[in-house]
Amino acid sequence: MINVSGLSKSYGGNVILRDLELSLGEGVFCLTGPSGSGKTTLARILCGLEEADSGRISGIPGTVTYMFQEPRLLPWKTACENVFLASPGDRAANAAEAAEMLARLGLGKDDQRKKPAELSGGMQQRTALARAALYTRRSVGISGGGSFLAILDEPLKGLDSATRAAAAAFIKEEFASPPGTLVIITHSEEDIADFGGRIITPEGHPRQ
Amino acid sequence: MKTKRGAVKAERVFTKKKHRTAAAAVAGKIVSAAAVAAFWLGLWALLALRTGSELLLPSPFAVFGRLVRLAGSADLWKATGLTLVRITIGYAAGALAGTGLAALTAWSRHAFVLARPLGRIVKATPVASFIILALVWIPANNIPSFIVFLLVTPIIWDSLRTALLETDRRLLEMASAYGFGPGKTIRHVYVPSVSGQYVSSLLTALALAWKSGIAAEVLCLPGISVGRRLYESKIYLETVDLFAWTTLVVILSVLMELLIRASVKRFTSGREGGADD
């Protein structure tokens with residue numbers, strides 16, 4: 001169980017998170033709230049990319065995955081390389097799994113060999129999703145099982161209906177099973193309805 | 001779409017441009033380079049003809065003829081070889097030092113603050129002052145390498161440090177989030193990010209290496225060197241020789257640049273060929 005207590009964060013004089021209290025067990029959580037409410041800040045603190053001003057977080061598992069809001073792919077690598085390069089473990093096995101994951105997400109062999117600049121925004125997004133999934137799978141495998149925390153920041157944003165359905169199914173298959181904790185940051189009611197799970201806000205209260 | 005005259009253009013037709021084959025592209029480049037060379041050589045020949053004095057401006061025919069005759073003598077090869085070695089040593093040492101300093105000062109602000117005055121002094125001091133000072137400190141044979149080292153180091157240092165600091169923060173954060181270690185981050189994020197600017201600074205430094213190395217040889221006169229031959233040409237008013245030796249330096253500089261470009265191309269294509277983790 002991940003426990004967050006008394007967490008505060010401000011930038012300059014702008015308070016983003018104030019005395020946040022939150023508990024995240026295994027399962028799916030949808031982190032939602034208006035723009036600027038601190039969703040991404042909370043995610044970044046949970047992933048260790050940012051320090052909080054005060055407060056305490058305990059129970060963070062050994063494997064933590066964060067899918068950024070933007071794809072952040074290496075421009076000089078192909079889609080497939082971007083996926084397997086980020087994962088620990090055997091290169092050949094990772095490459096094979098990366099190809100399989102990208103295919104499930106609708107990127108054919110030709111697309112997998114393209115560099116990010118040659119891919120559409122949606123394809124880049126799905127490549128980043130495959131990267132997060134493979135990283136989680138491999139890291140959990142290397143640590144001998146164990147739980148994980150995966151935070152996906154608007155993973156379905158900008159996808160058309162067909163690719164959105166495939167990506168949503170992919171997320172459920174790859175992340176939504178115990179012993180992991182999956183946090184999906186979203187504004188979309190459709191996402192919330194799709195993934196179910198508990199709804200949380202950066203204020204730490206369940207949404208009414 | 002409305003044209004300038006106000007008429008309406010109802011349709012636009014697009015046809016795919018035919019791409020030239022690789023062989024045709026290479027042939028085109030060669031023809032273009034030959035035409036440019038012919039233009040400048042022609043202009044040089046015309047000016048030489050108009051001047052009418054080999055002492056003031058020898059013709060390209062006289063210069064290349066002299067160069068061919070010099071090529072038959074062991075002296076040219078010895079002088080060229082030794083000059084090449086001196087400049088290469090200074091250049092390689094400067095490139096290594098510049099790279100190391102760039103990495104160190106990009107990583108540590110304290111190191112940058114400490115080393116910055118040194119870089120500024122080296123950049124602002126006239127090359128001639130260094131050459132004259134070096135004559136007091138070290139043997140004449142080693143001065144060209146030392147001067148080249150001094151000139152190359154700050155160019156590489158400055159350029160590479162800037163490139164390192166301008167590396168995309170978002171990619172670095174991604175690397176951190178996905179547990180890239182320092183080696184993997186350097187190889188997959190820093191190196192590809194800075195390589196363009198780094199190669200460009202290496203080529204700029206190479207041109208300066210030749211200029212400063214030859215200048216140092218002219219001023220400190222090592223035993224056998226291209227610089228000494230240039231100096232002797234000046235003393236004996238052998239303008240044809242002066243042009244011939246200068247042409248040789250230009251040819252060597254261009255060859256070295258081509259070698260560096262080819263090495264970089266080979267290195268980068270090798271990396272793209274699947275040398276990943």
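This one's a predicted model, so the numbers in the text were calculated from it and none came from an experiment. All chains are named by letter (A, B, ...) in the order of the sequence lines, taking the proteins before the strands, and each is independently numbered beginning at 1.
- Neither the backbone nor the side chain of A:T78 comes within contact range of chain B; no heavy atoms are under 4.5 Å apart.
- Within 6.0 Å of CZ on A:R18 lie no more than 12 heavy atoms contributed by other residues, nucleotides or ligands.
- Counting non-hydrogen atoms of other residues, nucleotides and ligands closer than 6.0 Å to NZ of B:K211 gives a total of 12 or fewer.
- Around atom CZ of B:R120, no more than 12 heavy atoms belonging to other residues, nucleotides or ligands sit under 6.0 Å away.
- In this structure, the side chains of A:L74 and B:M174 come closer than 4.5 Å at one or more pairs of heavy atoms.
- A side-chain donor-acceptor contact under 3.5 Å links B:Y178 to the backbone of A:Y66.
- Summarising the geometry, atom CG belonging to A:L85 is positioned 5.0 Å from atom NZ belonging to B:K184; distances are rounded to the nearest 0.5 Å.
- Remark: A:A95 engages A:F84 in a side chain to side chain contact (heavy atoms under 4.5 Å, CB included) (not counting sequence neighbours).
- Judged purely by atom type and a 3.5 angstrom limit, A:W76 has no side-chain atom pairing as donor or acceptor with the backbone of B:S193.
- Proximity of B:E173 to A:F68: side-chain heavy atoms (C-beta onward) are separated by under 4.5 Å at one or more points.
- Among residues 43-54 of chain A, the residues having any heavy atom closer than 4.5 Å to a heavy atom of chain B are, in sequence order, A:R44, A:L49.
- Counting heavy-atom pairs closer than 4.5 Å to chain B, the top-ranked of the candidates A:S87, A:A132, A:P88 is A:A132.
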